[in-house]
Amino acid sequence: MSARIIDGKKIAAGIREEVREQILRLHEETGRVPGLAAVLVGEDPASATYVRTKTRACQEVGIASRGITPPGDIAQSELLQIIHELNLDPAIHGILVQLPLPKHLHERVVLEAVDTRKDVDGFTFANVGRLVEGQPLFVPCTPAGILELLDREGVAIKGKHAVVVGRSEIVGKPVAFLLLHRHATVTICHSRTSDLTAETRRADILVAAVGRPRLITGDMIKPGAVVVDVGINRVDGKLVGDVDFESAVQVASAITPVPGGVGPMTVAMLLRNTLRALEQSIRDS
Ligand code: GUN
């Protein structure tokens, strides 16, 4: 048996169209358009590609995007000043600081400088706390995209055993909490998990987010499980996930491909969060 391939690209395109229509309507009603500032420090090529993808997607749906590209050796105080000015800028509703930052910058200090109400990545302590509490303001884009994919594919979550492989702040931890809030029983695995296969084989929903190419093979998957592959690894010039697709597709009931699975959903959720930031600022004014 071969798994259903979850078409993240198509689902994300649908969400982008929904966001575009909502932005159009909001503009007709209020004359306002959402604005996103994307801060890219330095010249990491992968980060530059991600930011370009995000700003292009903004243009397509009617979000005014502003790229800010300080040099890689910018002093932390200067970067904090840039963020401070964006916090005060009424045309900017969302601020994205692309990670990772150059080593000399303190990531947490920089992220905390972003106004919680403009933190469309959901990375500030306040937004993380709200998510853990079950009262989210902005949910980090990749975890939000994963839940959206599961919902739009009609995957039941309540009462299911979800296993998350990876405990990053950006994906593993937040997606685990989102699944928990939806009444899944959640196991989080990581590099020190003693018997990873025993854990992953129990998963009805398996989320792989470790950044290790093809770590999860078909024999580690329970027959009929739904497999979500968050990995984006470059191997011999080719993009591969954390899941060995060829063997996994024989065992799972549904699986996200790489590319074309979770990745496009991350961008779609950023657009949606930015629209929500504008809506929230209109409500607050
Ligand atoms: N680096 C890797 N993923 C992300 C993300 O979702 N947002 C930001 N800002 N940086 C990232």
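Predicted model, so just to flag it, every value in this text is computed and none were measured. Counting convention: from 1, in listed order, for ligands and their atoms alike.
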Which option, Leu99, Ile95, Val39, owns the non-hydrogen atom nearest atom 2 (C) of ligand 1? Leu99
Would one find more than 12 heavy atoms of other residues, nucleotides or ligands at under 6.0 Å from atom CZ of Arg4? yes
Looking only at protein heavy atoms, which one is nearest to atom 6 (O) of ligand 1, and how far off is it? Asp121 OD1, 3.9 Å
Report yes or no: is the cationic atom of Arg130 (NZ for Lys, CZ for Arg) under 6.0 Å from the centre of the six-membered ring of Phe138, at an angle within 45° of the ring normal? no
Looking at Leu96, which atoms of ligand 1 are within less than 4.0 Å of one of its heavy atoms? 8 (C), 9 (N)
Against ligand 1, does Lys54 come closer than 4.0 Å with any heavy atom? yes
Give the atoms of ligand 1, by number and element, whose distance to some non-hydrogen atom of Val97 is under 4.0 Å. 8 (C), 9 (N)
Is Arg66 paired with Asp89 through a side-chain N to carboxylate O contact shorter than 4.0 Å? yes
Can you tell me which portion of Phe123 lies within the under-4.0 Å heavy-atom range of ligand 1? Options are side chain, backbone, both, or neither. side chain
Carboxylate-amine/guanidinium contact Glu148 Arg152, below 4.0 Å: yes
Hey, which of Leu131, Val171, Asp121, Ile170 is the one that makes side-chain contact (heavy atoms from CB on, under 4.5 Å) with Pro140? Leu131
Give me the residue, atom name and distance of the protein heavy atom closest to atom 11 (C) of ligand 1. Gln98 NE2, 3.4 Å
Asp236 and Lys238 ion-paired at < 4.0 Å: no
